[in-house]
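The chains referred to below are lettered A, B, ... by the order of the sequence lines, with proteins before strands, and numbering in each begins at 1.
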There are 2 protein chains.
Amino acid sequence: MPEDNPIANYLKRHVPVSDEEAAQFSAAFREVKIRKRQFIVQPEFIVKNRNYVLKGAFRAYVVDDKGQDSTIAFAIEDWWITDYNSYILQKPATMFVVALEDSIILEISHEKEQALKKANHLYETFFRIRAERTAAFMQQRIISNLTQNAEERYYQFIEKYPQIVQRVPQYALASYLGMTTEFLSRIRNKRMTKNS
Amino acid sequence: MPEDNPIANYLKRHVPVSDEEAAQFSAAFREVKIRKRQFIVQPEFIVKNRNYVLKGAFRAYVVDDKGQDSTIAFAIEDWWITDYNSYILQKPATMFVVALEDSIILEISHEKEQALKKANHLYETFFRIRAERTAAFMQQRIISNLTQNAEERYYQFIEKYPQIVQRVPQYALASYLGMTTEFLSRIRNKRMTKNS
DNA sequence: AAGTAGTTCAGGAAATTTGGTTGAACTGGT
DNA sequence: ACCAGTTCAACCAAATTTCCTGAACTACTT
């Protein structure tokens with residue numbers, strides 16, 4: 001029977017755990033409400049948590065020397081988000097992670113995660129699977145950035161993640177896809193600049 | 001002669017320091033521009049700085065379990081603001097501090113503050129005075145909350161801080177004074193609910 | 001030299017959010 | 001039954017954000 005414990009369910013979808021193991025796992029998480037525009041990760045601070053999005057939407061981005069920001073990741077319901085570089089290596093973050101809507105996350109601290117992994121090999125397996133998926137996902141993105149042009153990247157994105165397109169502002173999507181908002185606007189409206 | 005170094009001046013107004021001491025003190029501060037709606041303190045993050053407002057306006061507030069927010073403090077030019085509980089004890093903040101306008105602050109880090117206090121007894125005295133004033137101020141506020149009704153608190157506030165009333169949104173003032181925005185709106189418009 | 005893919009800048013329209021007001025019904029204490 | 005104050009919902013104006021568009025520009029190909 002599918003319980004209404006999202007984290008336990010998530011775990012069960014990936015590793016063969018008992019109900020008790022799933023319950024123990026989910027007990028390590030804390031539910032936190034995050035208001036729109038609130039940051040859950042900021043540069044300079046060491047990231048304490050890995051976050052599962054229960055409700056809402058987030059954007060992870062970096063800001064370069066001249067104020068230009070690049071979106072690193074989005075996350076909506078049932079996705080995970082944090083600055084993994086900071087979280088995993090426990091060093092200061094370089095990214096911002098901000099709520100795009102009023103949201104609810106389930107967060108697990110780095111210490112608790114370590115404890116879980118030590119306690120039960122299946123949890124270790126789970127996090128390994130997560131990491132592998134994340135890596136695979138990122139590799140796909142790198143490839144797409146190298147091989148596709150702006151318009152192709154956009155159409156691939158709306159096909160793969162239609163739910164996200166509807167929920168994030170266009171400037172965020174543009175900066176995720178590596179183009180200007182103006183150019184994205186033009187792609188959408190199919191009317192490319194031309195000298196009449 | 002009054003210099004145009006606001007922090008050095010501030011210090012001199014409170015402890016008998018030489019020009020060199022004042023200069024050394026002010027050198028520990030860093031000027032930072034903050035945009036309207038930007039947070040300088042967020043829950044969970046350990047507060048690194050004590051902030052002197054050079055220009056602009058800030059609001060410190062907490063949000064309780066059921067989304068209700070209470071304003072803890074305001075700060076405008078020549079005031080200080082931070083989450084002192086987090087700053088002093090170096091533990092995670094529970095408050096937000098947000099810019100109500102585009103602003104400029106002078107921030108000093110916790111480490112630099114420690115170094116200053118160690119280096120010169122007068123700096124220690126200065127921070128002691130600051131803390132005492134803050135405590136006295138808070139006590140007044142507690143008393144006023146216990147003994148006055150909403151309307152009295154409002155009129156006392158506009159008398160004591162007319163500059164602030166003009167610059168902060170009404171919902172922020174209401175939540176500072178411990179009443180709903182609707183009720184404050186009614187006090188202002190003198191037209192209390194009445195059954196005709 | 002001309003086309004392609006994309007950027008920058010600026011103005012403006014459209015959509016959303018914010019801040020404030022008001023009426024009406026309600027609560028808890030006296 | 002009254003007082004001080006809250007809650008809820010609707011509403012409005014103003015401010016802000018988001019998006020769109022034109023025009024001029026850059027850098028690479030061909």
Can you tell me the distance, in whole Å, between the CZ atom of B:Arg186 and the C1' atom of D:dA4?
12 Å
Below the 4.0 Å mark, does C:dT18 have OP1 or OP2 next to a side-chain nitrogen or oxygen of A:Arg37?
yes
Is the phosphate of C:dT17 approached by A:Lys36 (side-chain N or O, under 4.0 Å from OP1 or OP2)?
yes
When the distance from CG of A:Asn189 to P of C:dA13 is rounded to whole Å, what number comes out?
17 Å
When B:Ser185 and A:Thr180 are each assigned the nearest nucleotide of DNA chain C, the 5'-most assignment goes to A:Thr180
Distance check needed: D:dT17 P versus A:Arg59 CZ, whole Å only.
14 Å
In whole angstrom, what separates A:Glu182's CD from C:dT8's C1'?
7 Å
What is the distance, to the nearest angstrom, from the CG atom on B:Asn145 to the C1' atom on D:dG5?
15 Å
Check the distance between C:dG20's C1' and B:Phe183's CZ and give it to me in whole angstrom.
16 Å
Tell me yes or no: between the side chains of A:Tyr123 and A:Glu21, is some donor less than 3.5 Å from an acceptor?
no
Charged tip of A:Arg59 within 45° of A:Tyr61 ring normal and under 6.0 Å:
yes
To the nearest Å, give me how far apart CG (A:Leu184) and P (D:dT18) are.
14 Å
Salt bridge or not for B:Lys55 and B:Asp102, using N-O below 4.0 Å?
no
Between atom CG of A:Leu116 and atom CD of A:Glu124, what is the distance when rounded to the nearest 0.5 Å?
10.5 Å
Specify the separation, in whole Å, of atom CZ of B:Arg35 and atom P of D:dT16.
12 Å
